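Below, chain A is the first sequence line, B the second, and so on; all start at residue 1. Side-chain atoms are counted along with the backbone in the values below, which use heavy atoms only and exclude waters and symmetry mates. Not measured: the values here are computed from a predicted model.
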Amino acid sequence: MPVERLRFDADPMAVRHALIQVEGGVTLASLAEDCRSDVLLVLAEVMNNIAEHAYGGGQGRALLSIWHEGGALVARIIDRGVPAPPIPADAVMADPSGLPEGGFGYPLIRLIAREVAQSRRLGCNILRITVQGDISP
Amino acid sequence: MQLSVRQEAGVLVVKAEEARLDAAGVLAFKDRLREAVADAPRVVLDLGAVNFLDSSGLGAVVAARKFVAGGALELAALTPAVARVFRLTRMDSVFTIHADVGQAVAG
């Protein structure tokens, strides 16, 4: 199966349209429903982070690539923005009883992704996320 | 985010009429919802048309609850993907969630 690639502008509406495309694309088609939802959610979190921070709230582009690898779904996102802050390894979900309005993003990423790898090369942030998938044959 | 509003047995039912409650749409959602629920003693938010909710959308639903006196906002008709976000964040433990609006209004 080929790698699916999508360029998107770093703004929330472009992220929405990119996710709609991914949702209807071949890479996600073979995933179980729960896994598909998880992938779309974790992509939304990381892509909206890029939209918000990578270019200081200004304009910029990013590239999403997704593919299957060894029973998992791998997503790689590259942007040319400012150095990305590390996604904390120990991000835990806030206590729901406090009715938090934010702070869900990092814990959701850590909950859903089996692996999160961040690197920086040649002025680009490279984020690689792996989600364990139930890939139907 | 388009909202439709109706009264049913003394309950204000607010239905989100778009498929995505996400970072791109939360500001409009919060603004419209705040207007819609002004002074309502009890609100049921019908999310039956929403098939995608991200962390921003979740935050907006939490904010919406704070617009209602006494936090009397309940949810109805969560689609599987939306219910999953509430479950992963454990926010399903602090919201009253009904299978559908009918059950919400009857209660």
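- Following chains of ILVMFWY side-chain contacts shorter than 4.5 Å, one cannot reach L43(A) starting from W67(A), and the two form parts of different hydrophobic clusters.
- Hydrophobic cluster membership is shared by V82(B) and I97(B), with clusters built from Ile, Leu, Val, Met, Phe, Trp and Tyr side chains linked at under 4.5 angstrom.
- Interatomic distance, CG of L58(B) versus CD of E101(A), reported as 10.0 Å (0.5 Å rounding).
- Other residues, nucleotides and ligands contribute more than 12 heavy atoms inside 6.0 Å of the CD atom of Q7(B).
- Contacts between A94(A) and chain B at a heavy-atom distance below 4.5 Å involve the backbone alone (N, CA, C, O).
- R110(A) CZ: more than 12 foreign heavy atoms inside a 6.0 Å radius.
- From M47(A), atom CE reaches atom CG of D54(B) across 11.5 Å, with rounding to the nearest 0.5 Å.
- Residues of residues 30-40 of chain B lying under 4.5 angstrom from chain A, judged on non-hydrogen atoms, do not exist.
- V74(A) and L108(A) fall into different hydrophobic clusters, defined by Ile, Leu, Val, Met, Phe, Trp and Tyr side-chain heavy atoms under 4.5 Å apart, directly or through other members.
- Under the 4.5 Å side-chain heavy-atom criterion for ILVMFWY residues, no single connected hydrophobic cluster contains both L63(A) and L73(A).
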Does the side-chain contact (heavy atoms from CB on, under 4.5 Å) test come out yes or no for F104(A) and M91(B), once each step is laid out?
-> CA-CA 10 Å; F104(A) 303 111; M91(B) 293 303 288; 4.0 Å; yes
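- Annotation: maximal heavy-atom pairing with chain B below 4.5 Å, among P100(A), G103(A), G102(A), occurs at P100(A).
- Atom CG of residue L53(B) and atom OG of residue S37(A) lie 11.0 Å apart, to the nearest 0.5 angstrom.
- The parts of T89(B) that come within reach of chain A are both its backbone and its side chain, each placing non-hydrogen atoms under 4.5 angstrom from that chain.
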Determine, stepwise, if the pair V15(A) / D22(B) fulfils side-chain contact (heavy atoms from CB on, under 4.5 Å).
-> CA-CA 10 Å; V15(A) 169; D22(B) 60 5; over 6 Å; no
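- Of all non-hydrogen atoms in L88(B) and L111(A), the two that sit nearest each other are O-CD2, 3.6 Å.
- Chosen from G105(A), S97(A), P96(A), the residue pairing most often with chain B at heavy-atom distances under 4.5 Å is P96(A).
- Between R84(B) and E33(A) no salt bridge is recorded (no basic side-chain N to carboxylate O distance below 4.0 Å).
- The OG atom of S55(B) sits 7.5 Å away from the CG atom of N49(A) when rounded to the nearest 0.5 Å.
- Counting heavy-atom neighbours within 6.0 Å of R120(A) CZ, excluding the residue itself, gives a total above 12.
- Looking only at heavy-atom pairs under 4.5 Å with chain A, the residue among G71(B), A23(B), S56(B), S93(B) that has the most is A23(B).
- Atom CD1 of I20(A) and atom CZ of R20(B) lie 4.5 Å apart (nearest 0.5 Å).
- The list of salt bridge (Lys or Arg N to Asp or Glu O under 4.0 Å) pairs with a residue in residues 52-63 of chain A, not counting sequence neighbours, reads D9(A)-R61(A).
- Hydrophobic clustering (side-chain heavy atoms under 4.5 Å, transitive across Ile, Leu, Val, Met, Phe, Trp, Tyr) keeps I77(A) apart from I126(A).
- Of the residues considered (D34(A), L41(A), I112(A)), D34(A) shows the highest number of contacts with chain B, using heavy-atom pairs under 4.5 Å.
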